[in-house]
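Here is the structure we will look at.
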Protein chains: 2
Amino acid sequence: MGKLTARAIAVRALEIGDAEGLDAVTIRRLATELGVTPMALYWHFKNKDQLLAGMADHLIAGFAPKPADQRPWQEQLRDLMVGLIRTLRTHPCARSVIEQVDVITVPNFLAVWNQALGVGREAGFNGDESCLISRYLLNSAIAIADAPAHHRAGREAASAVQAKLIGLQSVPPETYPHIVEMAVPLVEGPDPALYDTFGVDLVLAGIEALAGRRLGSSS
Amino acid sequence: MGKLTARAIAVRALEIGDAEGLDAVTIRRLATELGVTPMALYWHFKNKDQLLAGMADHLIAGFAPKPADQRPWQEQLRDLMVGLIRTLRTHPCARSVIEQVDVITVPNFLAVWNQALGVGREAGFNGDESCLISRYLLNSAIAIADAPAHHRAGREAASAVQAKLIGLQSVPPETYPHIVEMAVPLVEGPDPALYDTFGVDLVLAGIEALAGRRLGSSS
DNA sequence: ACCTGAACACCGTTCAAGT
DNA sequence: ACCTGAACACCGTTCAAGT
């Protein structure tokens with residue numbers, strides 16, 4: 001039914017990626033699922049990298065950061081971070097997609113990027129620093145959003161977890177005491193609720209501290 | 001000459017990956033470069049994932065964090081972070097390798113992990129939080145180490161940079177003012193020196209701030 | 001404009017066999 | 001123990017051709 005359009009292709013690719021991992025997203029596989037010849041996709045995307053960019057674009061499309069308002073930059077930054085994390089979490093393959101794409105070339109990421117830069121400037125950082133902060137924010141958001149692998153794992157992954165656990169616990173405790181002590185939280189992943197609050201707090205606290213130092217030194 | 005050993009294979013794989021990107025590291029390519037049949041590699045690594053793990057293992061092998069000493073945890077943490085970044089930087093393909101591998105299964109990463117966990121505990125965080133901090137540290141170290149793409153780029157990448165720059169500058173300035181304003185630092189990447197100090201400061205400041213809050217609330 | 005068909009140059013991996 | 005040979009089931013992509 002639905003026409004074969006770049007958007008439809010990206011949507012289907014994301015479905016496959018979310019369900020079976022990005023490695024399952026293959027031009028040929030995608031084509032057969034769409035009831036079409038592999039070459040048909042090349043009309044809409046000139047190669048696989050463009051398809052990945054399309055996936056990234058659609059991934060982040062739902063996230064439109066509100067325009068800069070008059071609240072303190074700390075609140076705007078927290079909103080941006082939390083929203084970004086929530087959006088990324090709706091797509092399990094988000095991390096792999098973004099890792100393989102140059103986000104700065106993806107149209108729908110420009111809004112996020114622009115907002116992050118603006119907040120950086122408002123916090124008192126210069127241009128170069130704001131660029132670094134933007135990268136750092138996206139990077140951290142991905143890490144936080146991607147963390148709770150142990151929730152959606154279940155099923156056959158449980159045995160893999162078990163194997164890793166045994167591996168970690170059979171390590172020499174005198175040389176790696178903390179590893180064996182924390183083997184369980186290490187392999188099972190963090191409590192998602194904790195990482196959400198703790199992770200965001202961690203990132204924001206760092207930025208706030210450096211912003212404070214800047215103000216302090218310039219006064 | 002040199003015997004075909006797991007170590008020799010990993011070393012050669014890293015050389016290829018560093019020089020041409022991880023995509024160029026292929027079982028068949030690796031085999032021919034080693035003057036051997038592709039199947040020979042399967043004796044030493046049961047599959048490609050194991051080879052990647054071997055690469056990661058060798059990557060980090062040179063980095064032996066000194067055992068916990070009596071200095072304040074902030075200094076130990078900075079040492080860990082800086083050392084990690086330096087080690088990662090010696091291998092341009094470090095990021096791609098680590099992204100494809102479960103670091104917790106890589107033997108030589110256990111020392112780094114254990115040290116990070118120890119510092120977290122010493123800073124007053126509980127077990128779960130220390131696990132999160134360890135992940136966060138590695139993640140940030142990779143981001144910082146990987147940032148100066150514009151240094152080693154040169155050559156044919158220069159035109160790609162130019163193309164991206166034009167792309168960014170032709171974006172509507174009224175909706176994305178900060179993007180066009182900072183197009184140059186965005187595409188050229190940060191000044192490496194700045195990211196080294198600024199990035200590490202950012203990460204450490206965040207951890208320190210949260211450690212301080214914890215102490216404050218428990219007193 | 002949009003899609004098909006056949007072909008090319010690759011992959012990772014298995015399995016049986018050699019020494 | 002360590003390696004080879006042949007084969008299988010995949011990839012992404014080009015190029016000419018159809019409608």
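Side chains are part of it too, since the values below use all heavy atoms of this structure and drop only hydrogens, waters and symmetry mates. Reminder, nothing fancy here: chain letters follow the sequence lines and each chain counts from 1.
- At whole-Å resolution of the value, CD1 in Ile27(A) and P in dC11(C) are 18 Å apart.
- When the nucleotides dC2(C), dT13(D), dT14(C) are ranked by their closest atom to the side chain of Trp43(A), dC2(C) comes out on top.
- In this structure, Gln50(A) atom CD and dG12(D) atom C1' are separated by 14 Å, rounded to whole Å.
- Side-chain proximity of Ala40(A) to dC3(D), dG12(D), dT4(C): nearest is dT4(C).
- Look at CG on Leu41(A): it is 11 Å from P on dT13(D), rounded to the nearest Å.
- Base pairing annotation: dC10(D) forms no Watson-Crick or G-U wobble pair, as no partner gives both donor-acceptor distances under 3.5 Å.
- Nearest to the side chain of Arg28(B), among dG12(C), dT4(D), dT13(D), sits dG12(C).
- Taking atom CZ on Phe45(A) and atom P on dT13(D), their separation rounds to 13 Å, with Å as the unit.
- Regarding contacts with the backbone of dC3(D), a side-chain N or O of His44(B) is found under 4.0 angstrom from either OP1 or OP2.
- Here the side chain of Asn114(A) pairs a donor or acceptor atom with the backbone of Ile179(B) at under 3.5 angstrom.
- Pairing each heavy atom of Ala145(A) with each of Arg89(A), the nearest pair is O-NE, 3.4 Å.
- The interatomic distance linking Leu22(B) (CG) with dC11(C) (P) rounds to 13 Å, in whole Å.
- Ring centers of Tyr136(B) and Phe198(A): at least 6.0 Å apart, outside the cut-off.
- A straight line from CG of Asn47(B) to P of dC11(C) spans 17 Å, rounded to a whole angstrom.
- Side-chain atoms of Met39(A) lie closest to dT4(C) of the nucleotides dC11(D), dT4(C), dC15(C).
- Distance OH (Tyr42(B)) to P (dA1(D)): 21 Å, rounded to an integer number of Å.
- When the P atom of dC11(C) is taken as reference, atom CG of Asp49(B) falls 17 Å away, rounded to whole Å.
- Checking side-chain atoms of Thr32(B) against main-chain N and O of Arg29(B) turns up a donor-acceptor pair under 3.5 Å.
- Across the strands present, dC15(C) finds its partner in dG5(D); the criterion is a Watson-Crick or G-U wobble pair with both atom distances under 3.5 angstrom.
- Taking the side chain of Leu4(A) as heavy atoms from C-beta on, and the options dT13(D), dT4(C), dC3(C), the nearest nucleotide is dC3(C).
- For the pair Thr26(A) and dG12(D), the criterion of a side-chain N or O lying under 4.0 Å from OP1 or OP2 is met.
- Side-chain N or O atoms of Ser170(B) include one that pairs as donor or acceptor with a backbone N or O of Gly167(B) at under 3.5 Å.
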